[in-house]
Amino acid sequence: MKQTTAKNWLFIIVAFVMLLPALQYFTNTVVSKGLDNVKDPPDATFNWDAWLTGEYQQQKLAYMSSAFGFRPDLVRLNNQLDYWAFSKIHVNRIFCGKKQHLFDSLVAEEYFGEDFLGDEVITTQFLKLKRIEDTMKKLGKTIVFTYGPSKAYYYPELLPPVLTPRHPRGVSNYRSMTRIGDSLKIHQIDFARWLGVISDTDKTSLIGRRGLHWTTYAALLAADSLIKYIERDRGITMPHIRITAVHHSDSTRDHDDDLSSWGNLIFPLKKEVEAYADYEYISNDSCTKPKMVYIGDSYIRYWYHDGLMKNINSDWEYWFYFNEIWNPKTLSGEEKLHYVKDYDWINAILKADCTVVMLTTFNLNFIRLPAFYIDGLYDHFYPGGK
Amino acid sequence: MSFASIICIFFFLPVCLIIYYLADKQYRNSVLLAASLVFCAWGAPRFIFQLLAVATAVHWLVKGMAKAEGKKRTLWLWLSLLAGSGLFLFVKYANFFILGLNKVLHRQAAAPVTWMEIVIPVGLSWFTFSAISYIVDVYRRSCPPAPNYWELLLYFFFFPKFLAGPVTPFRDFAGQVQAANDTPDNRLAGLYRFCIGLAKKVFIATVMGRAAAAIFVLTPAQLTTETAWLGALSYAFELYFDFSGYTDMAIGIALMLGLRLPENFDSPYAAPSLTEFWRRWHMSLMNWVKEYVYSPLVGNANSNLRIYASLAVAGVAAGIWHGTTKGLVVWMAYNMLFLLAERLFLGRLLAKLGRITFVYTFLVVVVGWIFFRAQYVKAAVAYVGRMFTWQPVNELWRGDTEFYFMLIAAFVFSFFSVVGVGRRLQDKLFATELPMKRHYVLAAVMVILFFLSVGRIASTGVGEFIYSKF
């Protein structure tokens, strides 16, 4: 009898513990911190039609699966255990390498040449680009081709084994493009190589352990270099960046920690000390502020946040992935977003004084796309390829 | 409603169990029936009405059959079987026949039959097995008809077995329902079993399934020997842990309600021969086929020809229940070939080799599953070809640490009963009566396993059970 009672109580206690999430859902006794970068579905509204088609049940299931008690805590528990046991980060395409460095799988794919376009394709496109540059030069326009740094090239020894092929090809778009670009004397700034050279012992100041992009500090240094390049090319004096102090801190800012917060871990990844600069833009009446078009991905967003575009340009546009068109009015909400496909973008480039193209791991292979600016400008200047 | 869904784990099951335990014993079957109808209506909201109509028809026809004798009784039997299985046969095989007919018409340059492909409603197969079992058991006088319509409905719609079995003969169910054995030991054993099943599905089956899905979309030319084997093993383990996980959960829920459902698996991959494998895999279905297809065919015959023919028909019946694709046909023929070989000569050879023959069984079964999964025979043959010829390594698919961890776990849990220690551990774990100390340990382990499983569901989700689609 005693054992029967003990077993009954054991069942009740165990069942009660297992049902705590259900109780939490109804009573909301404990407030759990929500999950980062997770959008929860809305609750389902019952009606007989939705029930009979099964739509209500699907929506309800999706809602309850996200709304049940202690869900954020259980997700964090799962993610933390997966991280400890399998070095797994629950963010799409993100893998944890050695020393807790996070890598986007696309970065590794590019590094190992899995999306390699081939020297022939690159040479063909760069020959077009060379002609375009020469023609733009004659028109008094500057076009600058830049490469953003890739984490895989900075920390190849830290790449996770699952992203590392057994027999690397030894070629990649970046390697071929910089080589071919140099040989054709394309106007290109290799920020990836340049930043690595100037800060050989302080790599984490350029691309952080937990970040996807370059750091705000690296973007600032690159911006300064870009200004000087344009000044030389156009024979003008532009507003300058003056760095007044460099701090080292483990309090990450802006996008420097854009990956690890998405991982929803109980114990976030170790912070690292990174460099941050205090800076100002120095300008006077003799400074020229060119009108510029920036084409690239989210690396360029750092220049927007740094105040580069606002301080050195009389007018500017930022064409995100050669698709969305951002300018001061769309960013402030005054105007709605425009798209390159609906825009007379060739005219916009010809009206601008300078066009800066930033290519990174995520869009190096765009050069082969007929819809990208190279083919578009080439066909405009040389219809039929003449 | 999947057993592994949040809505089932935290809302449906607890409410059902609480009301069941608090209800007076005379009302418990009503509670179960209500819960089962809600469960069925959730997953098959339109279809439940058709099932209720079939159940009602079977109830009345079997009542008539029970009172009849001789040829009239046989007539009632066939009418009942038609009512009980007609819907299933139509829904399951109409697509196949119409496609076949249209092919013939196409060859004759005639207009094809316009047809909208029917989707098989969830639970229909298992419902039909239950119906046939009930009809035949009453016909054979193995048990009397259900004392009332509601008890029969409970048998047909009993939610732990509604989605994907285990296939339970009416005579086994009826006796239990009258006096459910709702003891503390059963409740705890049921809870442990449920948690184990959930973990099998959420961890091993899901990870293996993801790998198998990624590998099977590669073309044969893209497959390396290593990847082909990993894909085949992943699928074999996905199938086993998905279905056995479901079965554990179904049996666990039933135990918590004081009812016993039959077992479906007995370490099938550790079987010493293919013949033994099919005695350990999906046992409830095999027993059903043996009792309701094979036995009536073979009767009291002594002739080997009749026995083999009956075996062949029973095997085909079990096979085509899974489907009618060419891959499945080849899979059936492949299995029959090995079963025949074992009967004729191979079995004797295997008996001499001892316990190691489970390796042979596992390899034969793993290769067979390729055809089971494949839609097209050509692709399956090419896949198997990549397994047995050396193909150099490429980087198209690579397993991560989690995959290899789960693969090792799958091997361990599939084969641990091969060794004595494993068998003893299994017996200790699934013993009917456990000492209190073991209960405390098991309970703690199950709570941890439960929350790990729920955390995994909450984070990455979990797919439907494979066999609920049959």
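Lettering follows sequence order; numbering is per chain, from 1.
- Atom CG in B:L191 sits 4.5 Å away from atom CE in A:M18 (nearest 0.5 Å).
- Between chain B and the residues A:L35, A:T53, A:T164, the most heavy-atom pairs under 4.5 angstrom are made by A:T164.
- Expressed to the nearest 0.5 Å, how far CG of A:N8 lies from OH of B:Y21 amounts to 9.5 Å.
- Atom CG of B:L17 is separated from atom CG of A:L19 by 9.0 Å, given to the nearest 0.5 angstrom.
- Between the side chain of B:E402 and the backbone N or O of A:F86 there is no donor-acceptor pair closer than 3.5 Å.
- Atom CG in B:L452 sits 6.0 Å away from atom CG in A:L77 (nearest 0.5 Å).
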| Hey, mind stepping through A:K7 and B:M436 against side chain to side chain contact (heavy atoms under 4.5 Å, CB included) and telling me if it holds? | CA-CA 8 Å; A:K7 285 173 186 173; B:M436 269 325 289; 3.5 Å; yes

| message | Let's go through B:T401 and A:S87 carefully: what are the C-alpha distance in whole Å and the side-chain angles of both, what is the deciding distance for side chain to side chain contact (heavy atoms under 4.5 Å, CB included) to 0.1 Å, and is it a yes or a no? | response | CA-CA 8 Å; B:T401 315; A:S87 295; 6.0 Å; no

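- The stretch residues 42-49 of chain A places none of its residues near chain B, where near means some heavy atom under 4.5 Å from a heavy atom of that chain.
- Interatomic distance, OG of B:S459 versus CG of A:N264, reported as 8.0 Å (0.5 Å rounding).
- Close approach to chain B, defined as a heavy atom under 4.5 Å from one of its heavy atoms, is seen in A:K60, A:L61, A:M64, A:S65, A:F68, A:R71 of residues 60-73 of chain A, taken by number.
- Here the CD1-CZ distance, from A:I12 to B:R187, works out to 7.5 Å after rounding to the nearest 0.5 Å.
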| Yes or no on side chain to side chain contact (heavy atoms under 4.5 Å, CB included) for B:F450 and A:V17, after CA distance, side-chain angles and deciding distance? | CA-CA 10 Å; B:F450 175 79; A:V17 169; over 6 Å; no

